[in-house]
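To start, the structure itself, in structure tokens.
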Amino acid sequence: MADLDYQIVEDVAKELYIRALCDLPPDVREALKKAHDRETNPTAKEIFKAIFKTIEVADKNKTLICQDTGLPIYMVKVGSQFPWNGYQIKERLAKGAERATREFPFRGSSTHPLTRINPQTSVGEGLPVVHYDFDGENDYLDILMIPKGSGSENMSTMKMFYPAHGISALKKFVIDTVFETGANPCPPGIIGIGIGGTADLVMKLAKEAIARPVGQRHPDPQIAEMEEELEEAINSMDRGPMGLGGKITTLGVHIETAYTHITQNPIAINTQCWPARRARAKIYPNGNVEYGY
Amino acid sequence: MATHHLTTPFTDEAIRKLQAGDIVYFDGTLFGIRDLTQIYMFDQNHEPPVSLAGMPCIHTAPSLKKVGDKWEKICVGTTTSTRMDRFSPDLIGQYGVKAIIGKGGLYEGSLKAMQEHAAVYLAIVGGSAALETQQVEEVEEVYWEHLHPEALYKFRVKDFGPLTVAMDSHGRNLFEEVKEKTRRKLPEIYKRLQIT
């Protein structure tokens with residue numbers, strides 16, 4: 001099998017960053033419309049109208065929805081029949097993210113954690129964040145890109161509970177976190193929850209949860225029921241869009257789970273803002289590229 | 001809930017008419033400031049080279065591009081205000097700023113200054129940079145250029161909004177009121193979720 005031209009991966013990585021920042025996924029648009037229809041608070045209704053106008057301007061001018069272009073995160077799934085060079089993929093994702101930043105151009109947010117120097121590239125040591133997974137069914141390379149801005153990412157939290165705390169402690173942690181973070185993560189967005197795994201895995205699960213199309217339920221009915229229950233509870237808080245009051249505080253609660261240790265029950269929350277930005281591409285072994293969400 | 005269309009500079013009388021929960025749109029001048037701008041002003045004692053009296057200030061670090069002598073807008077968006085709370089009472093009291101625009105709100109000291117000097121906090125819709133950028137007609141001036149993207153910016157705006165009066169000059173703070181209402185609901189929510 002011939003090796004892939006990795007320039008394709010670089011170009012796709014660049015294109016995905018730009019697409020994610022400018023073109024809101026259809027499920028998010030739909031969820032926002034439904035939320036507006038259910039909303040009764042007049043101030044909240046005005047906020048929704050501004051949100052729709054923003055999306056319209058971004059569509060018309062092919063411009064950024066939000067100025068916070070965030071840090072680039074790529075979730076890569078390699079098909080079992082896909083001929084791949086992992087090192088090349090990693091290098092090209094970084095190059096593509098950097099080219100998007102310089103060539104679009106938009107503000108780069110990646111900064112050295114101690115000197116706080118910002119090279120205006122969106123990348124740097126450890127960036128972009130890349131998560132790899134493998135897929136036995138398909139032959140393509142699936143790349144999901146999520147730019148994550150600071151307003152919502154700063155509200156991330158995790159806690160290692162013990163089995164004795166029970167499910168009740170997990171639910172309380174979610175409700176209390178949403179209460180405390182209030183207006184900061186630009187609600188109404190998606191509340192991504194990870195349950196189980198290890199300290200590092202649980203946060204990755206929460207991140208995968210925000211990347212799921214809005215309203216798509218977990219296949220396990222018990223988890224799906226917990227999603228619905230928490231969603232209803234959060235929307236009964238009346239914090240509303242931007243924390244200024246209203247019926248709709250979240251567009252959806254998504255939970256991802258993993259088995260954990262017998263002595264542990266970790267939970268992580270990663271909140272997504274209302275512009276729940278993401279873009280996807282599938283690269284086939286023959287070099288064809290298919291874009292989606 | 002009333003909707004107000006204002007023009008800068010804002011008079012005390014116009015500001016006192018604004019009630020928490022009202023919606024505001026305005027035309028005219030808008031100054032852009034951020035963390036570093038205010039550190040430069042207040043901690044390093046630099047007087048602004050232009051009067052801010054009667055004007056609104058927005059918390060922003062805009063993406064601009066300089067073409068010859070002119071600055072052109074690329075993207076103007078708004079950041080969280082709470083980080084800059086400690087500068088806000090002086091912005092209002094010392095420099096006569098009439099409206100602070102941002103997201104997330106400010107604290108008690110800023111609310112007191114708003115009551116005393118007739119000023120308001122106007123909450124913008126976070127994440128709506130595309131719309132804001134369109135409402136900025138021109139970047140008229142960039143002062144303290146060496147601080148860019150946290151310099152002092154003078155924008156000319158048209159129909160800038162919608163902005164929610166989140167903290168008014170009568171001592172009301174909508175963020176706190178909404179939070180307090182939720183706090184009272186928490187026991188019932190815990191009960192429903194069988195949280196013990």
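On a predicted model such as this, the values are computed, not experimentally measured, just so you know. Just so it is clear: chains get the letters A, B, ... in the order the sequence lines come, proteins before strands, and each one is counted from 1. Side-chain atoms are counted along with the backbone in the values below, which use heavy atoms only and exclude waters and symmetry mates.
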#### Entry: Region of A:Asn61 that comes under 4.5 Å of a non-hydrogen atom in chain B
side chain
### Contact leader toward chain B among A:Ile234, A:Ile167, A:Asp176, where contacts are heavy-atom pairs under 4.5 Å
A:Asp176
### Task
To the nearest 0.5 Å, tell me how far B:Cys57 SG sits from B:Ile92 CD1.
9.5 Å
### Query
Where does A:Asp238 contact chain B at under 4.5 Å (heavy atoms): side chain, backbone, both or neither?
both
### Task
Under the ring-ring contact (aromatic ring centres under 6.0 Å, His included) rule, what do B:Phe26 and B:Phe10 come out as? Steps first, then yes or no, please.
CA-CA 10 Å; B:Phe26 73 87; B:Phe10 300 143; 5.4 Å; yes
### Query
Just checking, is any N or O donor in the side chain of B:Tyr107 or B:Asn173 under 3.5 Å from an acceptor N or O on the other one?
no
### Task
Look at atom CD of B:Glu180 and say whether more than 12 heavy atoms of other residues, nucleotides or ligands are closer to it than 6.0 Å.
yes
### Query
Looking at A:Gly182, A:Pro241, A:Ser236, A:Ala183, which makes the most heavy-atom pairs under 4.5 Å with chain B?
A:Ser236
### Query
Side chain, backbone, both or neither: which part of B:Ser63 has an atom under 4.5 Å from a heavy atom of chain A?
side chain
### Task
Could you tell me which of B:Gly104, B:Gly127, B:Ala123 has the largest number of non-hydrogen atom pairs under 4.5 Å with chain A?
B:Gly127
### Task
Sort A:Thr63 into side chain, backbone, both or neither according to what part of it lies under 4.5 angstrom from a heavy atom of chain B.
side chain
### Query
B:Thr196 versus chain A, heavy atoms under 4.5 Å apart: side chain, backbone, both or neither?
both
### Task
For residues B:Val125 and A:Met242, determine if any side-chain heavy atom of one lies less than 4.5 Å from a side-chain heavy atom of the other.
yes
#### Entry: Contact origin within A:Leu244 toward chain B - heavy atom pairs under 4.5 Å
both
### Proximal component of B:Ile189, with respect to chain A [non-hydrogen, under 4.5 Å]
side chain
### Most chain B-contacting option - heavy-atom pairs closer than 4.5 Å, from A:Cys22, A:Cys186, A:Ala58
A:Cys186
### Task
Please say whether the positively charged group of B:Lys179, taken as NZ for Lys or CZ for Arg, lies over the ring of A:Phe179, i.e. under 6.0 angstrom from the six-membered ring centre and within 45 degrees of the axis.
yes
### Query
If you count heavy-atom pairs under 4.5 Å with chain B, which of A:Lys49, A:Lys53, A:Glu46 comes out on top?
A:Glu46
### Whether A:Glu227 side chain and A:His218 backbone form a donor-acceptor pair below 3.5 Å
yes
### Message
For the aromatic rings, using the six-membered ring if either is Trp, is the centroid distance between B:Tyr153 and B:Tyr143 under 6.0 Å?
### Response
no
### Query
Charged N to carboxylate O under 4.0 angstrom, B:Asp27 versus B:Arg156?
no
### Summary
If one checks every heavy atom of A:Pro275 against chain B at 4.5 Å, the contacting part turns out to be side chain
### Summary
When the 4.5 angstrom heavy-atom criterion is applied to B:Ile195 and chain A, the contacting part is both
### Task
Please confirm whether B:Tyr40 and B:His146 have ring centers closer than 6.0 angstrom.
yes
### Task
With a 4.5 angstrom heavy-atom cut-off, could you sort out which part of B:Arg184 is near chain A: side chain, backbone, both or neither?
neither
#### Entry: Option in A:Val57, A:Asn41, A:Asn154 with maximal non-hydrogen atom pairs under 4.5 Å from chain B
A:Val57
### Query
With a 4.5 angstrom heavy-atom cut-off, which part of A:Lys45 approaches chain B: side chain, backbone, both or neither?
neither
### Heavy-atom contact with chain A under 4.5 Å, split by part of B:Gln134
side chain
### Query
Under a 4.0 Å N-O cut-off, is there an ion pair linking A:Glu153 with A:Lys207?
yes
### Query
So B:Phe155 and B:Phe160, ring-ring contact (aromatic ring centres under 6.0 Å, His included) or not? Walk me through it.
CA-CA 11 Å; B:Phe155 302 117; B:Phe160 197 77; 8.5 Å; no
### Message
Please rank B:Thr3, B:Thr78, B:Ile124, B:Val76 by heavy-atom pairs under 4.5 Å with chain A and give me the top one.
### Response
B:Thr78
